[in-house]
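As a basis for the values below, the full set of heavy atoms in this structure was taken, side chains included, without hydrogen atoms, waters or symmetry mates.
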Amino acid sequence: SPAEAPRISAPLSPRGEHIFLQLMLEKALASDDGNAIQQASKRLLDASNEATPCGAPATLLQASIWLLSQKQAEGVLLAERAAFTYPDDLPLTVLLADLLLQQKKDEQSIDLLRGFTERNPHNNEAKAEAGMVFLRCGRQAEALKAFESIPEDGRTPIIRFTYAQALNSA
């Protein structure tokens with residue numbers, strides 16, 4: 001049946017298992033098969049719960065979360081587990097913050113990025129991401145403060161551009 005997971009004959013490495021699960025999810029989403037999407041989602045969530053969640057690079061997990069979030073609410077749950085498992089992975093944190101914003105959970109999104117920047121005070125990209133979230137939430141003063149906390153030599157062109165947007169909207 002299309003909802004059943006394909007059988008594999010040899011055990012997979014943790015990375016191979018995660019890639020397999022990601023491909024399974026992509027195929028389910030492409031076919032818009034609700035049962036297959038649910039099964040792939042469950043397996044990804046189970047894998048993210050394990051002590052060593054698939055041993056997968058966070059970027060693969062991030063791609064799976066994004067794909068899943070387009071069709072299923074479980075995408076946020078997987079993103080939360082991934083951010084907990086990889087707390088110092090900025091792209092996963094930003095992905096979860098964006099998903100929270102989409103659900104109108106502005107304060108949770110802000111708190112998530114605040115926590116990240118407190119744990120990683122020298123991460124200029126994280127400060128810029130926090131500034132962008134403040135802007136999206138209409139909090140210009142806090143956005144300016146976030147951008148101004150980035151040393152001049154740490155401001156990339158995209159950070160300078162977004163900082164200028166914050167200045168223009170204040």
Side-chain angles (χ1 to χ4, degrees), residues 15 18-19 21-22 25-26 29-30 37 40-42 44-170:
R15 179 178 166 81
H18 185 82
I19 292 169
L21 292 174
Q22 183 180 1
L25 176 63
E26 287 178 22
L29 289 169
I37 293 170
S41 302
K42 181 184 179 332
L44 278 167
L45 287 170
D46 290 346
S48 71
N49 254 349
E50 296 171 4
T52 33
C54 294
T59 52
L60 287 176
L61 193 54
Q62 181 184 356
S64 298
I65 292 165
W66 183 85
L67 283 168
L68 183 57
S69 70
Q70 302 306 301
K71 294 264 183 175
Q72 300 283 317
E74 288 92 345
V76 174
L77 180 58
L78 184 57
E80 288 170 342
R81 289 182 182 172
F84 178 78
T85 303
Y86 301 101
D88 293 321
D89 187 277
L90 182 59
L92 278 174
T93 301
V94 170
L95 175 63
L96 176 56
D98 285 343
L99 292 173
L100 291 169
L101 285 175
Q102 289 174 22
Q103 293 185 337
K104 309 286 188 233
K105 296 179 180 179
D106 296 0
E107 289 304 314
Q108 283 181 269
S109 180
I110 288 169
D111 290 345
L112 179 68
L113 284 167
R114 266 196 189 127
F116 189 95
T117 56
E118 287 170 5
R119 288 189 314 276
N120 302 280
H122 302 292
N123 188 323
N124 294 330
E125 191 178 344
K127 293 175 187 177
E129 292 290 349
M132 287 186 260
V133 167
F134 284 129
L135 275 179
R136 287 175 66 186
C137 295
R139 295 163 79 164
Q140 281 75 16
E142 290 171 281
L144 288 172
K145 185 177 176 184
F147 288 116
E148 289 166 357
S149 71
I150 301 170
E152 187 66 34
D153 64 345
R155 296 180 186 171
T156 63
I158 190 69
I159 291 173
R160 290 177 198 279
F161 175 77
T162 310
Y163 180 40
Q165 285 181 313
L167 286 170
N168 288 334
S169 66

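Here the closest heavy-atom approach between residue S109 and residue A97 is recorded as OG-O, 3.0 Å. The two residues D89 and L92 make their nearest non-hydrogen contact at OD1-N, 2.8 Å. Taking both residues in full, the closest heavy atoms of A130 and T117 are given as CB-CG2, 4.4 Å, listed atom of the first, atom of the second, then distance. When all heavy atoms of I110 and C137 are compared, the closest pair comes out as CD1-SG, 4.0 Å. For A126 against L90, the heavy-atom pair with the smallest separation is N-CD2, 3.7 Å. Nearest heavy-atom pair across A143 and G131 is CB-O, 3.4 Å.
Note: K127 NZ to H122 NE2 = 7.5 Å, rounded to the nearest 0.5 Å. The line from CG of L100 to CG of L112 is 6.5 Å long, rounded to the nearest 0.5 Å. In this structure, the separation between CE on M132 and CD on E129 is 4.0 Å, given to the nearest 0.5 Å. The CG atom of N124 sits 7.5 Å away from atom OG of S149, with the distance rounded to the nearest 0.5 Å. Remark: E142 CD to L135 CG distance equals 10.5 Å, nearest 0.5 Å. Interatomic distance, CG of L167 versus CG of L144, reported as 5.5 Å (0.5 Å rounding).
Remark: E107 engages R139 in a salt bridge, criterion side-chain N to carboxylate O under 4.0 Å.
F116 has its side chain out of reach of L96: every pair of non-hydrogen atoms, C-beta onward, lies at least 4.5 Å apart. For the pair R114/D111, a side-chain contact is recorded, criterion being any heavy-atom separation below 4.5 Å from C-beta on. Taking 4.5 Å as the limit, some side-chain heavy atom of R136 sits within range of a side-chain heavy atom of D98. Side-chain contact between R160 and E152 is present, with at least one heavy-atom pair separated by less than 4.5 Å. Within the 4.5 Å cutoff, no side-chain heavy atoms of R155 are placed close to those of F147.
Side-chain atoms of T162 come within 3.5 Å of backbone atoms of I158 as a donor-acceptor pair (strictly under, hydrogens ignored).
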Test log, rule side chain to side chain contact (heavy atoms under 4.5 Å, CB included), inputs Q165 and N168: CA-CA 5 Å; Q165 285 181 313; N168 288 334; 5.8 Å; no

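No more than 12 heavy atoms of other residues, nucleotides or ligands shown are found within 6.0 angstrom of CD on E125.
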